[in-house]
Amino acid sequence: GLSAFVWASEALFSAQLNNGIVPDAINFNANGSGIAPGAVNNPSGQYCTFPADSPLPRPKCCHTGVCAKGSMDNVAFQVFNAVYLTKRIETATGREAARTFLRKWAPSLTAGLNWLANKTEPGSNISLPWNDPAQPLVGYGFEDTVAKTGQLSFTSLLALEANALLCNATRFFTGDHVLAKTLCERAVRLSQQIASTLLDPAS
């Protein structure tokens, strides 16, 4: 039910790294009593599987054997989860409970979005998330065999939606118009910049 979904989600939220990175997975105690010692703030262990003879440049982290730091996409998915739960809580137990839930997690959600907003190409005025080709963040699934580098269109779209969604949820549920303004302005910048990247006027 909803209570189990909230419990599992909050366990994931609480494992967010101090710098804002959202890990791919966390470990729980065998008896189900909570997060295992050392699992909090510790991303899941994934390894570079790029073959040594790959025609693509291998990330530097391949030489260490460990590439995982969490995925840039996780930040947006955490926002989607939190806003969805906020609406479910409002339906189940009322507006005040939903407000309390979102206020509790808004700092973590904002920290993740702020971290992502700082993952831009050095020396560039482009706000789109950028993955360093020499040391990319490598996350779950196909990302441990495909190095997404440079300005990331999919991650940018997720960031745009997450900032806009949290902006509106923050304004509606918590009344924090200062935070809402920051998030909405960021969403507008992302929208303007991703549009010029995805749309080719000549086609």
Side-chain angles (χ1 to χ4, degrees), residues 1-47 61 66-119 129 131 136-144 148 152 154-155 157-174 176 179-180 182-183:
L2 179 58
S3 60
F5 192 1
V6 170
W7 182 90
S9 296
E10 290 192 316
L12 289 170
F13 296 167
S14 67
Q16 183 173 352
L17 277 66
N18 294 330
N19 61 6
I21 293 178
V22 178
D24 298 329
I26 58 175
N27 298 318
F28 289 87
N29 289 319
N31 62 7
S33 62
I35 299 173
V40 178
N41 294 343
N42 182 29
S44 61
Q46 292 202 14
Y47 301 88
C61 57
V66 180
C67 287
K69 293 182 181 178
S71 167
M72 283 195 274
D73 298 345
N74 292 353
V75 170
F77 293 137
Q78 179 161 282
V79 171
F80 300 158
N81 189 8
V83 173
Y84 171 77
L85 282 174
T86 300
K87 294 176 180 178
R88 285 285 307 274
I89 291 169
E90 181 188 30
T91 300
T93 56
R95 177 77 173 272
E96 191 56 38
R99 187 196 317 272
T100 299
F101 176 82
L102 188 58
R103 279 179 173 167
K104 177 181 178 180
W105 294 108
S108 297
L109 301 172
T110 304
L113 291 173
N114 289 343
W115 167 80
L116 185 58
N118 288 321
K119 291 291 298 177
N131 211 8
L137 285 172
V138 180
Y140 53 82
F142 70 88
E143 293 187 355
D144 59 359
K148 301 188 303 181
L152 307 179
F154 182 67
T155 301
L157 290 170
L158 289 176
L160 163 59
E161 185 177 0
N163 278 280
L165 195 63
L166 189 58
C167 164
N168 291 322
T170 297
R171 182 183 293 140
F172 182 77
F173 286 102
T174 72
D176 187 342
L179 176 57
T182 297
L183 295 168

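Atom CG of Asn81 and atom OG1 of Thr86 lie 9.0 Å apart (nearest 0.5 Å). Leu179 CG to Arg171 CZ: the interatomic distance, rounded to the nearest 0.5 Å, is 10.5 Å. In this structure, the separation between CD1 on Ile89 and CG on Leu102 is 9.0 Å, given to the nearest 0.5 Å. With values rounded to the nearest 0.5 angstrom, Leu116 atom CG is found 8.5 Å from Asp73 atom CG. With values rounded to the nearest 0.5 angstrom, Phe101 atom CZ is found 6.5 Å from Ser9 atom OG. Here the straight-line distance linking atom CG of Leu113 with atom OG of Ser108 works out to 11.0 Å at 0.5 Å rounding.
When all heavy atoms are compared, the tightest approach of Leu12 to Gln78 is O-OE1, 4.3 Å. Across all their heavy atoms, Val75 and Gly20 have their closest contact at CG2-O, 4.3 Å. Across every non-hydrogen atom of Gln16 and Ile21, the tightest pair is CG-O, 3.4 Å. Residues Thr170 and Ala180 come closest through the heavy atom pair CG2-N, 4.3 Å.
The closest side-chain heavy-atom distance from Trp115 to Val22 is not below 4.5 Å. Side-chain atoms of Val79 and Leu158, non-hydrogen and from C-beta on, never get closer than 4.5 Å to each other.
Remark: side-chain polar atoms of Asn163 are paired, donor with acceptor, to backbone N or O of Ala159 under 3.5 angstrom.
Here salt bridge (Lys or Arg N to Asp or Glu O under 4.0 Å) pairs that include residues 84-96, with residues two or more places apart or in two chains, are Glu96-Arg99.
Under the rule for a salt bridge (Lys or Arg N to Asp or Glu O under 4.0 Å), Glu161 has no partner lying at least two apart in sequence or in another chain.
Ring orientation note: the planes of Trp105 and Phe13 are nearly perpendicular, at an angle over 60° on the 30°/60° scale.
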Subject >> Leu85 and Leu2: CA distance, side-chain angles, deciding distance, side-chain contact (heavy atoms from CB on, under 4.5 Å) verdict >> reply: CA-CA 8 Å; Leu85 282 174; Leu2 179 58; 3.9 Å; yes
